[in-house]
> 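Got a structure for you, questions after.
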Protein chains: 4
Amino acid sequence: MSGINKVILVGHLGKDPEVRHLDGGVTVASFPLATSESYNKDGKRVEQTEWHNIVLWRGLAEVASKYLTKGKLVYIEGKLRTRTFEDREKVKKYVTEVVAENFTLLGRKSDFESPAPAAAAPKAEHDFSGTNDINGDIPF
Amino acid sequence: MSGINKVILVGHLGKDPEVRHLDGGVTVASFPLATSESYNKDGKRVEQTEWHNIVLWRGLAEVASKYLTKGKLVYIEGKLRTRTFEDREKVKKYVTEVVAENFTLLGRKSDFESPAPAAAAPKAEHDFSGTNDINGDIPF
Amino acid sequence: MSGINKVILVGHLGKDPEVRHLDGGVTVASFPLATSESYNKDGKRVEQTEWHNIVLWRGLAEVASKYLTKGKLVYIEGKLRTRTFEDREKVKKYVTEVVAENFTLLGRKSDFESPAPAAAAPKAEHDFSGTNDINGDIPF
Amino acid sequence: MSGINKVILVGHLGKDPEVRHLDGGVTVASFPLATSESYNKDGKRVEQTEWHNIVLWRGLAEVASKYLTKGKLVYIEGKLRTRTFEDREKVKKYVTEVVAENFTLLGRKSDFESPAPAAAAPKAEHDFSGTNDINGDIPF
DNA sequence: TTTT
DNA sequence: TTTT
């Protein structure tokens, strides 16, 4: 019988997506995603960050590689999958990944657009970091 | 900034919960949960099962140890947490667990009760009692 | 910017799905779904039922009309949509519906199949073997 | 039997929360939340916005009234509840609301902080939009 | 009535 | 390794 295996994350990319093209032309993208939670402990604000291995396949991998970059805030929906693999020493290991089925960029308009003209909103220096914009037609 | 780290599972317990009492009186329970997905591959029905490590703390652990047993169908909501530990050979390893924040038993009423002696409460009659189905005032 | 509008329900159908075929051949199915919550109030167990209007389109409507019937336990994922309409007296009214994007039947195997003849599927023996784990033949 | 009734939304507040104090000292807050979805129709980008009635009770209402303001991007988790009421003409009506059980502000750091000292960065210039800040100690 |  |  069918069950449900669903993960919902909102967090920031720790790195740009890493894209690979497998034999047969299948595209896979992956990146680490940080979800942070903060709470009070003994009167102090503590922040705890959890890192997730996000994996995207085919068309979703291609869209991700175009629009997602390090630092972006993103909503991700997917499922858990634990894989086994052998490391260099032939030791069997486990990794749990979130296989994305859907994602949505969150954040402000400025996160989705090319920087405004320098005169109107002098952002040029800031934008040199290159982490903050997308060009072209964004399909979401 | 806060993010979201949420897992939603519906599946069957692979074993009865294992309960431990830590120093300080904190209760922890854990069990494996199977979520199955079936799909067609080359015209055949394939079933793929994913296993999850579920961990519950304190009061939730205690409720779980009372009501959850091997084979039960349960809805679990929680968050992902990846821990590191050293195995017997002092090799650093990772496990990803689902720390439950909430759970709900699913299934039929009969799954929640001790089975009535067959002679005393034949299923047909039992169901006629009207406690187990959705008749009555449906507002649309 | 895109947002998220997601509903997750587990409940029982209040009626069989009602199926309509619109002009142009589009199929729509709808049914009421009950989600019940029980809690303690003044020392008594109180059960509160919430009714949801579920709507399914096209292929999903067709699958629903085949497999879902009154009383079945189902997991539904979808989104909220509030529509306006005029009642018979031309009064403008609002309804909020859950437009299903996905659903999964929950419950036991026996809920999915016609019961096998006892001789053909000796369940007692099978179940005796399975003391501790879910390998091979999973009985749900 | 218990079911699941869960709503997950990410969207922007259409208005500041409206706060009421009921007899007995219970606080209720409510606001409209917009979730937007955009898709291609006949080669054009179409945006469709869904409006949700969000209701928060007690402590959550109080936190919301402090930190949520019109325009903010927020993650909301809650459940559906359909209420009946009589309008001025004594006509029975239905409203479906999302009773929040949890929320998290999303967005950038600048959305969570007081504006920099006026002399150093007068609000108007600094924020441009001017709709975007919170004062005081924000606990998330 | 939001936001992009 | 992100973000606040």
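First the proteins, then the strands, lettered A, B, ... as listed; each starts at 1.
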> With sequence neighbours left out, write down each residue that passes side-chain contact (heavy atoms from CB on, under 4.5 Å) with D:K41, or none if nothing qualifies.
D:Y39, D:V46
> Measure from NZ on A:K72 to P on F:dT3 and round the result to the nearest Å.
10 Å
> How many whole angstroms separate atom CZ of A:F103 from atom P of F:dT2?
20 Å
> Counting heavy atoms from C-beta on, name the nucleotide in E:dT1, F:dT2, E:dT3 closest to the side chain of D:H12.
E:dT3
> Tell me which nucleotide among F:dT1, F:dT3, E:dT1 gets nearest to the side chain of D:W51.
E:dT1
> Would you kindly say whether A:R58 and A:T27 are connected by a side-chain donor-acceptor distance under 3.5 Å?
no
> Quick check for you: among F:dT1, F:dT2, E:dT2, whose closest atom lies nearest to any side-chain atom of D:S36?
E:dT2
> Figure out the CD/P separation between A:E37 and F:dT4, and round it to whole Å.
18 Å
> Between E:dT1 atom C1' and D:E47 atom CD, what is the distance in whole Å?
14 Å
> When you check the gap from the basic side-chain N to the acidic O, do D:K92 and D:E86 get nearer than 4.0 Å?
no
> For A:L9 and F:dT2, give me the distance from atom CG to atom C1', rounded to whole Å.
13 Å
> If you only use heavy atoms from C-beta on, which nucleotide in E:dT2, F:dT1, F:dT4 is closest to the side chain of A:K15?
F:dT1
> Rounded to whole Å, how long is the line connecting atom CG of A:L33 with atom C1' of F:dT4?
15 Å
> Counting the atoms with a prime plus P, OP1 and OP2 as sugar-phosphate, which does A:T49 contact under 4.0 Å by heavy atoms, base, sugar-phosphate, or nothing?
base
> Between C1' on E:dT1 and CD on D:E18, what's the gap in Å once rounded to a whole number?
13 Å
> Mark yes or no for whether A:N53, through its side chain, and A:S30, through its backbone, hold a donor-acceptor pair below 3.5 Å.
no
> Using a heavy-atom cut-off of under 4.0 Å over every strand shown, decide if D:G11 touches base, sugar-phosphate, or nothing.
nothing
> For the residue pair C:T35 and C:E50, confirm or rule out a side-chain donor-acceptor distance under 3.5 Å.
no
> Rounded to whole Å, please give me the gap between CZ in A:R45 and C1' in F:dT4.
11 Å
